[in-house]
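What's counted below: heavy atoms across the whole structure, side chains too, no hydrogens, waters or symmetry copies. Ligands are counted one by one from 1 in listed order, and the atoms in each one are counted from 1 as well.
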Amino acid sequence: MTGSPLEIVTQSSAETVAIGQALAGCLRDGDVVLLHGDLGAGKTTLAKGIAAALGVEDIVSSPSFSLVNEYDTRRGAAVTRLYHLDLYRLRGEDDLASIGFDDFMAPVEGITLVEWPERASTALPERFLLVEIETLGSGSRRLRFLSIPDDEVSGRRIESLRSHIGSKAD
Ligand code: ADP
Ligand code: MG
């Protein structure tokens, strides 16, 4: 029982960054967060908020030459490392194998954020947090948080998210 998914509407990129910062407080080593949405929806913007909360200021906004960027987080943070994958330019399963995609789907030390996860739909893990971002207007975005699979662990995760970031939804 996961209860109803959490939905938040933001009115600016700064608000989306703030949601990312709050979301980071719910994340622990081993977590995988999939960021789904069209080009310009705000996936990287949300990733920047998560990164900033972990002490990573210089996240690369568009990893055009590498599919993966890795960062150390602030010393003492609950999350050890940040792996940021952007699969927009993924050409196929060979690319997944060459970056060692499976390891990022079960991060031992750190968390993984994935933009364009649908490009790797056959290689996704059993458990992840999915954030669907939808453009409503020029400055307005709907963020929908779903924890997969639909079980008790996911239910607790959504409740934790609700208490960390739900207050920003009003
Ligand atoms: P993506 O990674 O999904 O392609 P980006 O995060 O790189 O998207 O870009 C989102 C663009 O939309 C940025 O130019 C940002 O300033 C703009 N934007 C406008 N309103 C919002 C909002 N509410 N949340 C996030 N981004 C927004
Ligand atoms: Mg992006």
Side-chain angles (χ1 to χ4, degrees), residues 4-27 31-74 79 81-93 95-96 98-101 103-105 107 110-125 128-148 158 161-170:
S4 53
L6 179 58
E7 281 193 10
I8 293 176
V9 173
T10 64
Q11 302 295 352
S12 67
S13 56
E15 275 188 39
T16 297
V17 169
I19 295 294
Q21 289 178 303
L23 168 60
C26 303
L27 300 175
D31 284 340
V32 174
V33 182
L34 308 184
L35 305 172
H36 183 271
D38 292 340
L39 206 59
K43 302 178 292 298
T44 302
T45 302
L46 190 70
K48 280 182 177 170
I50 295 169
L54 300 174
V56 179
E57 299 295 344
D58 58 344
I59 190 168
V60 179
S61 58
S62 177
S64 39
F65 296 104
S66 51
L67 296 168
V68 188
N69 285 295
E70 306 189 14
Y71 306 92
D72 285 322
T73 59
R74 182 194 305 115
V79 171
R81 279 176 74 69
L82 175 64
Y83 305 107
H84 181 206
L85 279 62
D86 187 333
L87 304 182
Y88 188 63
R89 291 175 182 79
L90 190 81
R91 283 163 307 167
E93 306 252 326
D95 277 357
L96 287 180
S98 72
I99 63 169
F101 186 76
D103 292 341
F104 295 110
M105 293 300 98
I111 63 167
T112 302
L113 311 180
V114 189
E115 298 189 38
W116 300 100
E118 62 270 41
R119 309 259 156 125
S121 56
T122 56
L124 296 174
F128 52 82
L129 178 68
L130 173 63
V131 188
E132 294 176 345
I133 310 179
E134 190 188 345
T135 301
L136 301 178
S138 60
S140 178
R141 305 288 189 270
R142 178 184 293 118
L143 278 55
R144 195 156 174 265
F145 299 83
L146 300 109
S147 189
I148 307 293
I158 292 295
L161 278 173
R162 215 180 282 284
S163 63
H164 273 79
I165 64 182
S167 59
K168 295 181 188 295
D170 306 323

Which bit of T16 gets closer than 4.0 Å to ligand 1, counting heavy atoms only: side chain, backbone, both or neither?
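Answer for T16: side chain.
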
Using a 4.0 Å heavy-atom cut-off, which part of E15 comes near ligand 1: side chain, backbone, both, or neither?
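None of E15 does.
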
Atom indices of ligand 1 within 4.0 angstrom of [X] heavy atoms, with elements:
| X | result |
| --- | --- |
| L39 | 4 (O) |
| G139 | 19 (C), 20 (N), 21 (C), 22 (C), 23 (N) |
| E115 | 2 (O) |
| D38 | 3 (O) |
| S138 | 19 (C), 20 (N) |

Not counting sequence neighbours, list each pair that qualifies as a salt bridge (charged side-chain N to carboxylate O under 4.0 Å, His left out) and has a residue in residues 131-147.
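Passing the test, one end in residues 131-147: E7-R142, E7-R144, E132-R144, E134-R142.
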
Return the set of residues passing ring pair (Phe, Tyr, Trp, His ring centres under 6.0 Å) with Y83 (not counting sequence neighbours), or none when no residue passes.
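In terms of ring pair (Phe, Tyr, Trp, His ring centres under 6.0 Å), with neighbours along the sequence ignored, Y83 is linked to F104.
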
Just by modelled atom types, is the [Y] backbone N or O under 3.5 Å from a matching donor or acceptor in the [X] side chain?
| X | Y | answer |
| --- | --- | --- |
| T73 | V79 | yes |
| K43 | W116 | no |
| D31 | L27 | no |

Per the side chain to side chain contact (heavy atoms under 4.5 Å, CB included) rule, which among D86, D95, V114 passes with L67?
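With L67 as partner, side chain to side chain contact (heavy atoms under 4.5 Å, CB included) holds for just one option, D95.
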
Do V33 and I111 pass the side-chain contact (heavy atoms from CB on, under 4.5 Å) test, and can you show the C-alpha distance, the side-chain angles, and the key distance before you say yes or no?
CA-CA 8 Å; V33 182; I111 63 167; 5.5 Å; no

Evaluate the side-chain contact (heavy atoms from CB on, under 4.5 Å) criterion for residues T135 and D38: first the C-alpha distance (whole Å), next the side-chain angles of each, then the deciding distance (0.1 Å), finally the verdict.
CA-CA 8 Å; T135 301; D38 292 340; 5.7 Å; no

Counting both backbone and side chain atoms, is some N or O of T45 under 3.5 Å from an N or O of ligand 1?
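Between T45 and ligand 1 (N or O atoms, distance only) the closest approach is under 3.5 Å.
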
Give, rounded to 10 degrees, the angle between OE1 (E115) and OG1 (T44) as seen from the Mg ion (ligand 2).
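So the angle at the metal works out to 90°.
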
Going by the closest heavy atom to atom 22 (C) of ligand 1, which one wins out of H36, Q11, R141, K43?
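Heavy atom nearest to atom 22 (C) of ligand 1 belongs to R141.
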
For atom 10 (C) of ligand 1, state which one of S13, S12, G40 supplies the nearest heavy atom.
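Checking each option, the heavy atom nearest atom 10 (C) of ligand 1 is found in G40.
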
